[in-house]
Colleague: 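Right, I'll just put the structure down here and ask away after.
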Number of protein chains: 2
Amino acid sequence: MHPFIRKISNFADISAGEADMLLDLFVTERDYSDGEAVFTEGEEQTTFFTVLEGWFYAYAILPDGSRQIHDIYHAGDVIGLDHLSWSQATTSVSAASNGRLALAPLEPARRMMAGNPHLSAILYSLHMLTNVLLLDRITAVARLGAYESLAYFLSDAITRRKMIRADYPSELYLPLNQKFIADCLGLSAVHVSRQFNKLIENGVIRRLSRASIQILDEERLRKIGDYHDRYANLDTARFETELGRAFQESSSDS
Amino acid sequence: MHPFIRKISNFADISAGEADMLLDLFVTERDYSDGEAVFTEGEEQTTFFTVLEGWFYAYAILPDGSRQIHDIYHAGDVIGLDHLSWSQATTSVSAASNGRLALAPLEPARRMMAGNPHLSAILYSLHMLTNVLLLDRITAVARLGAYESLAYFLSDAITRRKMIRADYPSELYLPLNQKFIADCLGLSAVHVSRQFNKLIENGVIRRLSRASIQILDEERLRKIGDYHDRYANLDTARFETELGRAFQESSSDS
DNA sequence: CGATTTGTTGACTGGTTTCAACAGTGGTGG
DNA sequence: CCACCACTGTTGAAACCAGTCAACAAATCG
C-alpha cells in the first residue's frame, strides 16, 4: 500500500475511491540524495510533497549560523502543506538520507479539497495532529533536561515508525548523526553523545551498529521523556462519524 | 467591530454575511476571573472559544510539577479548535487576567465549515499560521539564549497586539508576572528578571509601571530576538484569489 | 496599615557548551 | 586489498550560562 494512505488509515477510514483521488494529486516522483535540498526558505512554491522513501527534515538557520531542525519526515508524512497559504516556503527542507518524494501541484489539491470536504477534513485533522505534537516538543525542549529530552526524541521516533508498521521491531534504524539530533533538541553534539551513553549504561537502549539501536525498555524510555502518545488519543470515532458525516451531508445536500 | 472578525480581516477578505455566519456560531458568552480554569487537559469538550476581552493561556503541567505555557491568547484569538479532532482537551487553558470568552458549540461549527468552504479555508489558514509561529517559538526557546529569547517573546507580544490595533502605541501592557514569562520560555523567574533589567540597561525597553513597559527601540528588540513577522508574509492575495475561488467555485458547482 | 505577592540581588551549584585531542568507522582511490 | 582520508563519535578540562536558595525590597491588596 502507498505509505501516505497507510499513514492516514491509522486514524481515519478512507474509501478506495478517496485514496485514489488523493494519490492522483501526486503527479510526479523524484529521487533525492543524502543532503540534497528539496526547497529553501523564501523560495516560491507550487507543490506539496509526501515521502515515499527515506528521511527528510525541515530546518531553519539562525543568524549565528546554528541550525534548528523543526521536523523530521518519514515515509507517509506530508511536507509543505503550508504552501497552500504562503506562496514562499517558511522553512527549508532537505533530505537526511537518500530518498524519494511524490510531488503534488497546489492548484488541483485546492480544488480537490474544496470538492471533497471529507478528505479536506482528514487533512485538517492531520494538521491539528502535527500542531499538538509540536506543543509536546516545545515542552520537551524547554522544560526537560538533556537526558529526558533525548528520551522524548527517541520515543517519538519509535511511535512514528509504528504508524507505518504496527509490528515494528525493537530495532530502530536511525540514519541521523548526533549533530543532527542535537540540532533537533537545541543541544550540542557532544552532550547528545554523553546522554546517549547514559541511556545505554542505564540499560534502556543498546547500540546495534552505527546507525541503529535497539530499544530494551520502551516503557521506561517513554516515562523518562514524559512522552504522550497523541495518535492513540486521537478520537477517530468522533472524527469519522461527526465531522465526516457533517461534511458528507453538506456535499450531497446542494 | 468584533475582535475575532477584526483579527481575521487582517489577512483575509471576509464579507459582512460571512462575518455574521461566523459570529452566529458563538451562542454564549462567559466571564472569567484571573486564574480561573476554562478547561483542563483530558476533559471532554463540546465547544471552542474566541477571546472577547482579557488574556488567556494554554499550558501543561509536567511530572516534576513545573509548568510549560504553550500559548497566550489575546482578544480575537481562537481557543480549542483542536476539539474538532480530539473529544478530550490536549492542554489546559486558564485566564491570565479577568476576561470574557465567546463559546461556540462544535456541531454547528462542523456543519458551517462543511457548508462554506471559503470560511473553512480561512480557518485552515489561521491554523497554519499558528503552526508556523510555533516553529519559530521552538527555535527561539531551543537555540537562543535567555536574553534573546525574552526579546523574541516581547516582539511577538507586540506584533500580536498590532493585529488588533495597527496604531498600537509603544506602551505594552503586560499583565503577566515574570514567573509566567519564565514558564513560557522554559526559564526561571529569577533569570527572567535579570534579562529584563538587561534590556532596560541597554535602552531597548523602559518600565512604565509594574504591568506595562514602553518599547524604546522596537527594531532592535526584534533583531535581538531574531523575530520574523509571519503575518506580514502571509500571502493573502494568493489565499484569497486561488484558494478562496477554488472553494467558491466548487460550492456553487454542484 | 499589615499581609501577601512579586520582583530584585548575591552567593552558590549544576548542567551544558566549548575547545581540543583522539579513536573508531566507512568510503575512496591507488 | 590496503592506505589514506574524511566524518562521526568519545573523552576530559575549563568556561559559561542558567537554576536554586535565601534574604530582602517593593508593590499591591484587603
Side-chain angles (χ1 to χ4, degrees), chain A residues 33-35 55 62 64-69 96-98 140-154 173-202 205-213 224-225, chain B residues 33-35 55 62 64-69 96-98 140-154 173-202 205-213 224-225:
Chain A
S33 54
D34 189 357
W55 296 55
L62 294 163
D64 71 348
S66 61
R67 176 178 69 166
Q68 174 62 39
I69 291 175
S97 73
N98 291 335
V141 166
R143 275 281 170 235
L144 300 182
Y147 181 65
E148 293 78 16
S149 199
L150 179 59
Y152 174 88
F153 177 84
L154 294 176
Y173 175 64
L174 263 186
L176 314 169
N177 64 35
Q178 299 190 341
K179 177 80 176 69
F180 189 94
I181 298 176
D183 285 343
C184 286
L185 302 173
L187 298 169
S188 69
V190 173
H191 208 53
V192 167
S193 168
R194 290 192 230 269
Q195 303 313 313
F196 230 107
N197 289 325
K198 196 171 156 192
L199 280 174
I200 293 171
E201 275 172 37
N202 292 347
I205 63 175
R206 198 162 71 89
R207 193 182 309 260
L208 294 178
S209 76
R210 180 159 218 120
S212 60
I213 58 174
I224 294 171
Chain B
S33 54
D34 190 358
W55 297 55
L62 293 167
D64 71 348
S66 61
R67 176 178 69 166
Q68 174 64 38
I69 292 176
S97 71
N98 290 336
V141 167
R143 273 281 169 235
L144 301 181
Y147 181 65
E148 293 78 16
S149 199
L150 179 58
Y152 174 89
F153 178 84
L154 294 176
Y173 175 65
L174 264 187
L176 314 170
N177 64 35
Q178 299 189 343
K179 178 80 176 67
F180 189 93
I181 297 176
D183 284 344
C184 286
L185 301 173
L187 299 168
S188 70
V190 174
H191 208 54
V192 168
S193 169
R194 289 193 230 269
Q195 303 312 314
F196 230 107
N197 289 325
K198 196 171 155 191
L199 280 173
I200 294 172
E201 275 171 38
N202 292 347
I205 62 175
R206 199 162 70 89
R207 193 183 309 261
L208 294 177
S209 76
R210 180 155 218 126
S212 60
I213 58 174
I224 294 171

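The basis for the numbers below is simple: all heavy atoms, side chains too, and nothing from hydrogens, waters or symmetry mates. Please read these numbers as outputs of a predicted model, since none were measured by experiment.
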Colleague: Nearest whole angstrom, please: distance from the P of C:dT16 to the CG of A:L185.
Modeller: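 The answer, rounded to whole Å, is 11 Å.
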Colleague: For the side chain of B:R194, starting at C-beta, report the closest nucleotide among C:dA20, D:dA18, C:dT9.
Modeller: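 Minimum distance to the B:R194 side chain belongs to C:dT9.
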Colleague: Would you compute the distance between atom OG of A:S193 and atom NZ of A:K179 and round it to the nearest 0.5 angstrom?
Modeller: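 With rounding to 0.5 Å, OG (A:S193) is 14.0 Å from NZ (A:K179).
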Colleague: I need the NZ-C1' distance between B:K198 and C:dT9, as an integer number of Å.
Modeller: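 Answer to the nearest Å: 17 Å.
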Colleague: Just the rounded figure in Å: distance from P of D:dG19 to NE2 of B:H191.
Modeller: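 In whole Å, D:dG19 P and B:H191 NE2 are 6 Å from each other.
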Colleague: Quick one: is A:N197 getting a side-chain N or O under 4.0 Å of the D:dT10 phosphate, OP1 or OP2?
Modeller: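 Looking at the OP1 and OP2 atoms of D:dT10, one of them is under 4.0 Å from a side-chain N or O of A:N197.
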Colleague: Does any non-hydrogen side-chain atom of B:V192 lie less than 4.5 Å from one of B:F153?
Modeller: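 Answer no - side chains too far apart.
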Colleague: Could you run through nucleotides 25-30 of chain D and give me one letter per nucleotide, 5' to 3': B if any protein heavy atom sits under 4.0 Å from the base, S if only the sugar-phosphate is that close, - if neither?
Modeller: --SS--
Colleague: Can you tell me the distance, in whole Å, between the CZ atom of A:F180 and the P atom of D:dG9?
Modeller: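 Spelled out: CZ on A:F180 to P on D:dG9 is 12 Å.
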Colleague: Treating B:N98 as the side-chain partner and B:D34 as the backbone partner, does any N or O pair qualify as donor plus acceptor under 3.5 Å?
Modeller: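 Yes.
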Colleague: Of the nucleotides C:dG10, C:dG7, D:dG19, which one has an atom closest to the side chain of B:Q178?
Modeller: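 Among the listed nucleotides, the one closest to the side chain of B:Q178 is C:dG7.
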Colleague: State, with a plain yes or no, whether a side-chain heavy atom of B:L174 is found less than 4.5 Å away from one of B:L154.
Modeller: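 In short, these two side chains touch, coming nearer than 4.5 Å.
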Colleague: Measure from CG on A:L150 to P on C:dT16 and round the result to the nearest Å.
Modeller: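 Whole-Å distance recorded here is 12 Å.
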Colleague: Rounded to whole Å, please give me the gap between CG in B:D64 and P in C:dG15.
Modeller: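 These atoms are roughly 14 Å apart.
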Colleague: Which nucleotide sits closest to the side chain of A:R207: D:dA13, C:dG10, D:dT10?
Modeller: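 The nucleotide sitting nearest to the side chain is D:dT10.
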Colleague: Does some side-chain heavy atom of A:R207 sit less than 4.5 Å from a side-chain heavy atom of A:N197?
Modeller: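 Of all side-chain heavy-atom pairs linking A:R207 with A:N197, at least one is under 4.5 Å.
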Colleague: So, the side chain of A:R67 versus the backbone of A:C184: is there a donor-acceptor pair under 3.5 Å, distance only?
Modeller: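 Not a single qualifying donor-acceptor pair exists.
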Colleague: For B:A189 and for A:A189, find the nucleotide of DNA chain D with the closest heavy atom, then tell me which residue's nucleotide is more 5'.
Modeller: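 That would be A:A189.
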Colleague: Please state how far atom CG in A:L144 lies from atom P in D:dA18, giving the value in whole angstrom units.
Modeller: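 So the CG-P distance, A:L144 to D:dA18, works out to 18 Å.
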Colleague: Side-chain N or O of A:S193 versus OP1/OP2 of D:dG9: is the shortest distance under 4.0 Å?
Modeller: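 For D:dG9, neither OP1 nor OP2 has a side-chain N or O of A:S193 closer than 4.0 Å.
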Colleague: Are A:D183 and B:R143 side-chain neighbours, meaning at least one heavy-atom pair lies under 4.5 Å?
Modeller: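 Counting from C-beta outward, A:D183 and B:R143 do come under 4.5 Å.
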Colleague: On DNA chain C, check which nucleotide each of B:I200 and A:V190 is closest to and give me the residue with the more 5' one.
Modeller: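 Result: B:I200.
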Colleague: Can you check the B:Q195 CD to C:dG7 C1' distance for me, whole Å?
Modeller: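 Value for this atom pair: 15 Å.
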